[in-house]
Number of protein chains: 2
Amino acid sequence: MATLDIGEVARRAGLPTSTLRFYEERGLIAATGRNGLRRQFDAGVLQRLALISLGRAAGFSLDEIAAMLGSDGQPTIDRAQLAARADELDHSIRRLTALRDSLRHAAVCPAASHLECPSFQKLLRVAERYRPRRKSRS
Amino acid sequence: MATLDIGEVARRAGLPTSTLRFYEERGLIAATGRNGLRRQFDAGVLQRLALISLGRAAGFSLDEIAAMLGSDGQPTIDRAQLAARADELDHSIRRLTALRDSLRHAAVCPAASHLECPSFQKLLRVAERYRPRRKSRS
DNA sequence: CTGTGGCTTCAAGTCGACTTGAGGCCAAGC
DNA sequence: GCTTGGCCTCAAGTCGACTTGAAGCCACAG
């Protein structure tokens, strides 16, 4: 089967080549070999990259992802870890939902009263002691 | 009224003093004066810090927050911006929800079949081309 | 009078995930 | 032959949000 060179993988995965080299260096992906100097990848790397994106989206660090996706193709995923992350996501979702509702409210509630408005105060309570480890926007 | 020194504010807000100095430097909060060398804050700063946490939780950067909370206490919040952020949050929430559901599924779905499993494939599709700007975990 | 604790400043370091830059190889096209 | 494009390596830079370290002031306790 045809092997892909890095530019092609980049194009198909929607990632810059620099990222692919970086991922290789970190052991997240591997080239099947070289054609001269050029890395050759087989198509499976695309799925692996999708898994990596997935992990990132779920909030795992590259190191955690590297641990989960062993050196083989099959993800060696710790089910308990997955479930735990699902629970964490659940928490995040709840907080974000409260936040979203309150933001929408704040967007229509008259300004002067924000600090007196019960919804706004609730919002503040939700936000209090917010301690981010990592942040996300789209 | 009693003014608070930085350690007290830190204790009440649950933030390290270094963060408070940093926030002051960035214009997010202001001391009312000094007692000798020591910064004195009045209690209002706690609400302001809550607003800052709120902004962070909603995904705003410190610069954006500084712009929204003018130098006065009253937040000068752009309603359109709030609504826009609420919409963005909505997107995030949807993605995270799909992710959570799929993670939960993956946690119970037999390993060998992950890559063939329709839910898992859907999960991959959701995650594809994920491009994080900032990340969040609780 | 000497710690000790809590504050001060300022510069530099950290972390994660990449990106950028400098300098170079190699094959194809003109 | 020469340029162009795509790849290569390795080191260093970037960004946001802080943290850490060094060096020092000041007040109160023992």
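Letters A, B, ... are given to chains in the order of the sequence lines, protein chains preceding strands, and every chain is numbered from 1. Small disclaimer: the values here were computed from a predicted structure and weren't measured.
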Open item on the list: Between A:Glu8 and A:Arg11, does any NZ, NE, NH1 or NH2 come within less than 4.0 Å of an OD or OE carboxylate oxygen?
Closed with: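 Salt bridge between A:Arg11 and A:Glu8, a charged N being under 4.0 Å from a carboxylate O: yes.
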- [ ] Using a strict cut-off of less than 4.0 Å between a Lys/Arg side-chain nitrogen and an Asp/Glu carboxylate oxygen, indicate whether B:Arg21 and B:Glu24 qualify as a salt bridge.
- [x]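 Here B:Arg21 does not pair with B:Glu24 in a salt bridge, since their nearest N and O are not under 4.0 Å apart.
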Whole angstrom value for the distance that separates [atom2] of [N] from [atom1] of [X]:
{"X": "B:Asp63", "N": "D:dG16", "atom1": "CG", "atom2": "C1'", "value": "9 Å"}
{"X": "B:Arg11", "N": "C:dG5", "atom1": "CZ", "atom2": "P", "value": "19 Å"}
{"X": "B:Asn35", "N": "C:dC7", "atom1": "CG", "atom2": "C1'", "value": "11 Å"}
{"X": "A:Phe22", "N": "C:dC15", "atom1": "CZ", "atom2": "P", "value": "14 Å"}
{"X": "A:Ile65", "N": "C:dC18", "atom1": "CD1", "atom2": "C1'", "value": "14 Å"}
{"X": "A:Glu25", "N": "C:dG16", "atom1": "CD", "atom2": "P", "value": "15 Å"}

- [ ] Indicate yes or no: at least one non-hydrogen side-chain atom of A:Asn35 is less than 4.5 angstrom from one of A:Asp5.
- [x]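 Side-chain contact under 4.5 Å: no.
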Open item on the list: Is there a side-chain contact between A:Ile52 and A:Ile29 in this structure, where contact means two heavy atoms from C-beta onward sitting under 4.5 Å apart?
Closed with: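 With C-beta onward as the side chain, the pair touches.
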Task: Sidechain-backbone polar pair: A:Thr32 side chain, A:Gln40 backbone, donor-acceptor under 3.5 Å - done: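 Pair found, side chain donor or acceptor close to backbone of A:Gln40.
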Task: Polar side-chain atom of B:Arg48 near backbone of B:Leu28 as donor-acceptor pair, under 3.5 Å - done: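 Yes.
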Task: Interatomic distance, B:Tyr23 atom OH to B:Leu62 atom CG [nearest 0.5 angstrom] - done: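 Here the rounded value is 5.0 Å.
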TODO: For C:dA17, take OP1 and OP2 only and decide whether either is under 4.0 Å from a side-chain N or O of A:Tyr23.
DONE: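 So the side chain of A:Tyr23 is outside the cut-off, no N or O lying under 4.0 Å from OP1 or OP2 of C:dA17.
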Open item on the list: Would you say A:Thr19 places a side-chain N or O within less than 4.0 Å of OP1 or OP2 belonging to C:dT19?
Closed with: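 A:Thr19 to C:dT19 OP1/OP2: side-chain N or O found under 4.0 Å.
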Task: Of B:Thr3, B:Thr17, B:Leu49, B:Asp42, the residue whose pairing with B:Val9 passes side-chain contact (heavy atoms from CB on, under 4.5 Å) - done: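 The side-chain contact (heavy atoms from CB on, under 4.5 Å) with B:Val9 is passed solely by B:Leu49 among B:Thr3, B:Thr17, B:Leu49, B:Asp42.
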- [ ] For the helix from C:dC1-D:dG30 to C:dC30-D:dG1, figure out the bend between the end axes, five pairs an end, and round to 10 degrees.
- [x]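 The helix from C:dC1-D:dG30 to C:dC30-D:dG1 shows an end-to-end axis angle of 30°.
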Task: Base versus backbone protein contacts along nucleotides 3-11 of chain D [heavy-atom cut-off under 4.0 Å; B, S, -] - done: ---BSSB--
